[in-house]
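Report on the following structure.
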Amino acid sequence: MIDTTQKKVVSLDKLVQSLEEQVVVKGWVRNKRDSKALVFVELRDGSGFVQAVVSLEDVGQEMFDLAKSLSLETSVIFSGKVVKDERQVGGCELMVDAIQVVQQPAEDYPLGKKAHGVDFLANKRHLWLRSRKQWAIMRIRNRAKYAIHTFFQERGFIQMDAPFFTGNACEGTTTLFETDFYGETAYLSQSGQLYGEAMAMAQGKIYTFGPTFRAEKSKTRRHLSEFWMIEPEMAFYDLDMNMDLIEEFIKYVAADVAEKCVKELEVLERDMSLFDNIKSTFPRITHSEAVKILRGEQEVNGKTTKEILEGDLQAVKDRIAAINEEISSTEAEMAAGGIKKGKLNWMRSKVDKLKNELKEQEEKERNIPQWLESAINFPPGEDFGGSDETVLTRMFGTPVFVYKWPKAIKAFYMKTYEDDPEYVKGVDLLAPEGFGEIVGGAEREDNYDVLLAAIRHHELPEEAFEWYLDLRKYGSVPHAGFGLGFERLIMWLTGVHHIRETIAFPRSYGRLFP
RNA sequence: UCCUCAGUAGCUCAGCUGGUUAGAGCGGCGGACUGUUAAUCCGUAGGUCGUAGGUUCAAGUCCUACCUGGGGAGCCA
């Protein structure tokens with residue numbers, strides 16, 4: 001039994017500050033390697049990681065055998081001396097003098113050290129969260145959330161909570177979850193925006209930060225049934241001010257995460273060029289310009305979509321050739337024999353990785369011509385598909401604002417251009433690297449008659465919008481706001497290619513457990 | 001709802017135009033190794049090949065339906 005009251009208990013992220021001291025650490029066994037007189041135990045405690053070294057000479061046979069018997073994810077308390085070791089990631093390791101097992105699992109830990117498939121991991125999400133990569137993502141999510149609140153709080157925004165139960169499908173477009181509300185049909189909220197507008201007329205500048213629900217049977221890596229959204233709403237803001245705010249906001253959050261989550265981004269091997277690209281001014285183009293760019297009628301930095309995409313396609317083809325070459329040469333080498341087992345394993349895992357990359361590249365090879373086809377033949381006045389967003393941001397390499405949208409494809413509450421009534425003052429911010437639309441916003445229609453006409457035109461139940469129309473009746477002002485998909489932002493910041501990894505327990509089509 | 005790909009050991013996968021008794025690595029277990037970083041060596045256990053039909057002398061392999069999952073479309077953040 002280790003007397004934790006007599007010794008200094010240290011969290012692993014701070015361990016290096018206690019060099020040459022006797023300390024106690026508490027955590028879980030992440031991995032273990034043993035030999036005749038040494039056991040290496042990799043520990044994690046939530047704050048960080050360390051390698052603990054148990055030497056037979058130091059601890060005696062009984063405790064050494066205990067160390068040897070530790071299995072993955074055993075919860076433990078170790079005491080020992082912190083020693084400097086440049087070979088270790090944290091710069092130090094723990095020379096153990098005593099071990100206490102808190103709980104030793106009776107069964108093998110289901111998650112191995114080798115890669116698993118997505119379905120298996122999703123079913124073991126409650127355990128998957130303990131792994132390094134998920135640990136890093138959850139910490140970045142936490143930091144981003146903190147940064148978002150800080151950003152708005154420092155600028156005088158008031159946080160508000162919009163209701164989850166709503167009486168009507170407010171924008172009338174998406175499929176919502178139905179529930180029973182004391183005998184009445186209620187829906188789970190798909191957006192807090194309309195309520196945010198009411199609060200903005202009371203508080204000036206507000207933001208919501210809560211869950212929203214969409215019952216779309218989407219099976220893509222960008223969709224969730226339950227996700228978190230940040231929805232600021234500002235009185236006396238027009239579209240330009242809205243875009244200024246979005247840009248400042250995104251830059252602030254990204255810079256904060258880049259500064260405060262260095263370790264986490266390292267674990268994720270995030271390509272840090274993102275955080276440089278984001279420093280430049282985000283281009284602002286109208287929907288009509290975006291269409292021209294897609295169709296190849298307008299160049300970006302002297303290049304057309306055709307030139308860029310054909311270049312990308314060639315690069316993909318070269319990569320495929322290179323992968324195939326590497327796979328066959330490695331396999332030939334393996335078949336030739338005379339290779340040590342360790343090396344052979346290494347080669348085998350290399351081939352596995354290459355084959356996976358090959359599948360991805362081949363998918364790209366199939367996709368790019370379709371993307372180009374879709375871009376070049378893009379019908380003016382339509383909304384963008386996923387590939388069009390990818391193509392568009394590919395042209396710039398930075399986030400891009402697309403504003404001034406055709407009225408027909410946008411929501412009823414967006415303000416019409418006074419001098420160009422076929423267009424509305426909506427704006428989307430598209431993230432690069434294929435992450436797609438992360439922000440959707442607009443200046444809201446503030447004229448009572450125009451808004452009422454829009455509600456009727458969209459055949460929405462007028463009585464449900466009476467209170468919303470009231471906002472235009474009593475002291476209506478120009479106002480604007482936007483919605484940021486929190487998980488999409490996290491995807492982009494972390495570079496993970498699946499939105500289901502950005503939230504602790506994702507809810508998506510076909511996934512209710514764990 | 002539609003298109004598309006997949007389901008073989010606990011996990012990740014191989015299994016060719018159907019043809020003896022179903023393969024590997026990891027993990028497990030037993031043993032060896034004084035410094036290892038999913039990556040030392042030897043041995044060992046582990047499978048009604050998603051389900052149900054069908055074709056055939058013969059089905060993991062071909063056909064049909066269904067189930068489950070991946071990716072995408074639609075819709076969106």
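First the proteins, then the strands, lettered A, B, ... as listed; each starts at 1.
Remark: Glu62(A) CD is loosely packed, at most 12 non-hydrogen atoms of other residues, nucleotides or ligands lying under 6.0 Å away.
Taking atom P on both C33(B) and A38(B), the two are 24 Å apart, rounded to the nearest angstrom. The gap from the P atom of C2(B) to that of A9(B) amounts to 30 Å, rounded to the nearest Å. Rounded to whole Å, the separation between the C1' atoms of U48(B) and U44(B) comes to 24 Å. When the P atom is used for both G10(B) and A6(B), the distance is 23 Å, rounded to whole Å. Between the C1' atoms of G71(B) and C11(B), the separation comes to 22 Å (whole Å). Annotation: U8(B) and U1(B) have their C1' atoms spaced 32 Å apart (nearest Å). With C1' as the reference atom, A59(B) and G50(B) are 16 Å apart, rounded to whole Å. Taking the P atoms as reference points, G31(B) lies 42 Å from G69(B), given to the whole Å.
The residue His497(A) sits apart from the nucleic acid: no heavy atom pair falls under 4.0 Å. Arg132(A) comes within 4.0 angstrom of no nucleic acid atom, judged by non-hydrogen atoms across all strands. Looking at heavy-atom distances under 4.0 Å, Arg221(A) makes contact with sugar-phosphate atoms alone, never a base. Across all strands shown, Phe120(A) has heavy atoms under 4.0 Å from sugar-phosphate atoms exclusively, and none from any base. Among the protein residues, Glu93(A) comes within range of the nucleic acid bases, having at least one heavy atom under 4.0 Å from a base atom. Note on Ile438(A): only backbone sugar-phosphate atoms sit closer than 4.0 angstrom, heavy atoms only; bases stay farther off. Residue contacts shown for Leu484(A) are absent, as no nucleic acid heavy atom lies under 4.0 Å away. Val439(A) comes within 4.0 angstrom of the backbone, heavy atoms only, and of no base.
Per the geometry, CZ belonging to Arg222(A) stands 10 Å off C1' belonging to C75(B), to the nearest Å. Between Lys219(A) atom NZ and C5(B) atom C1' there is a gap of 11 Å when expressed in whole angstrom units. Rounding to whole angstrom units, CZ of residue Phe384(A) and P of C75(B) are separated by 13 Å. Whole-Å rounding puts the Leu121(A) CG to G10(B) C1' distance at 14 Å. Atom CD1 in Ile499(A) sits roughly 12 Å away from atom P in G72(B) (whole-Å rounding). Atom P of nucleotide A77(B) and atom CD of Glu487(A) are separated by 14 Å, given to the nearest angstrom. Distance CD (Gln61(A)) to C1' (U34(B)): 14 Å, rounded to an integer number of Å. For Phe209(A) and A77(B), the CZ to C1' distance is 13 Å, given to the nearest whole Å.
In this structure U64(B) sits in a base pair with A52(B), meeting the Watson-Crick or G-U test at under 3.5 Å. Pair assignment for G69(B): C5(B), on the basis of Watson-Crick or G-U wobble contacts that are both within less than 3.5 Å. In this entry C75(B) has no Watson-Crick or G-U wobble partner, no candidate having both defining distances under 3.5 Å. Base pairing annotation: G19(B) forms a Watson-Crick or G-U wobble pair with C57(B), both donor-acceptor distances under 3.5 Å. Under the Watson-Crick and G-U wobble criteria, each requiring two contacts below 3.5 Å, nucleotide G10(B) is paired to C26(B).
Each of A77(B), C75(B), U34(B) was ranked by its minimum atom distance to the side chain of Glu216(A); first place goes to C75(B). The side chain of Leu224(A) lies closest to A77(B) when the candidates are A77(B), G35(B), A73(B). Each of A77(B), A73(B), U1(B) was ranked by its minimum atom distance to the side chain of Thr220(A); first place goes to A73(B). When each of U1(B), A77(B), U34(B) is scored by its nearest atom to the side-chain atoms of Arg214(A), the top-ranked nucleotide is A77(B).
Under 4.0 Å is where a charged nitrogen must lie from a carboxylate oxygen, and between Glu437(A) and Arg222(A) no such pair does. With respect to Glu226(A) and Arg214(A), no salt bridge is recorded, no charged nitrogen being found less than 4.0 Å from a carboxylate O.
Put simply, Arg33(A) has no side-chain N or O that comes within less than 4.0 Å of OP1 or OP2 on U34(B). Remark: Arg30(A) is not in phosphate contact with U37(B), judged by side-chain N or O atoms under 4.0 Å from OP1 or OP2.
Contact annotation: side chain of Glu42(A) to base of U37(B), donor-acceptor pair absent below 3.5 Å. You'll find a donor-acceptor pair under 3.5 Å spanning the side chain of Arg488(A) and the base of C76(B), going by distance alone. Between the side chain of His116(A) and the base of C11(B), no donor-acceptor pair of N or O atoms lies under 3.5 Å. The base of G35(B) lies close enough to the side chain of Asp85(A) for a donor and an acceptor atom to sit less than 3.5 Å apart. No N or O donor and acceptor, one from the side chain of Gln370(A) and one from the base of G72(B), sit under 3.5 Å apart.
Of the options Arg500(A), Arg125(A), Arg511(A), a salt bridge (Lys or Arg N to Asp or Glu O under 4.0 Å) to Asp119(A) is made by Arg511(A) and by none of the others. For the side chain to side chain contact (heavy atoms under 4.5 Å, CB included) criterion with Phe401(A), the lone passing option out of Ile246(A), Ile285(A), Val439(A) is Ile246(A).
Asp161(A) and Thr208(A) share no donor-acceptor pair across their side chains, judged by distance under 3.5 Å alone.
Applying the 90° cutoff around 0 to the glycosidic angle, A38(B) is assigned syn.
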> Ile499(A) and Arg221(A): side chain to side chain contact (heavy atoms under 4.5 Å, CB included), yes or no, with the steps?
Replying inline: CA-CA 6 Å; Ile499(A) 199 163; Arg221(A) 54 182 88 188; 5.8 Å; no
> Would Arg33(A) and Glu42(A) count as a salt bridge (Lys or Arg N to Asp or Glu O under 4.0 Å) if you check the C-alpha gap in whole Å, the side-chain angles of each, and the deciding distance to 0.1 Å?
Replying inline: CA-CA 9 Å; Arg33(A) 294 171 286 275; Glu42(A) 246 178 83; 3.3 Å; yes
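Along RNA chain B, the nucleotide closest to Ser218(A) and the one closest to Ser508(A) are compared, and the more 5′ of them pairs with Ser508(A).
A cation-pi arrangement is absent between Lys425(A) and Trp405(A) under the rule of less than 6.0 angstrom and at most 45 degrees off the ring axis.
Here Phe40(A) does not lie in a stacked arrangement on the base of G35(B), lacking the combination of planes under 30° and ring centres under 5.5 Å apart.
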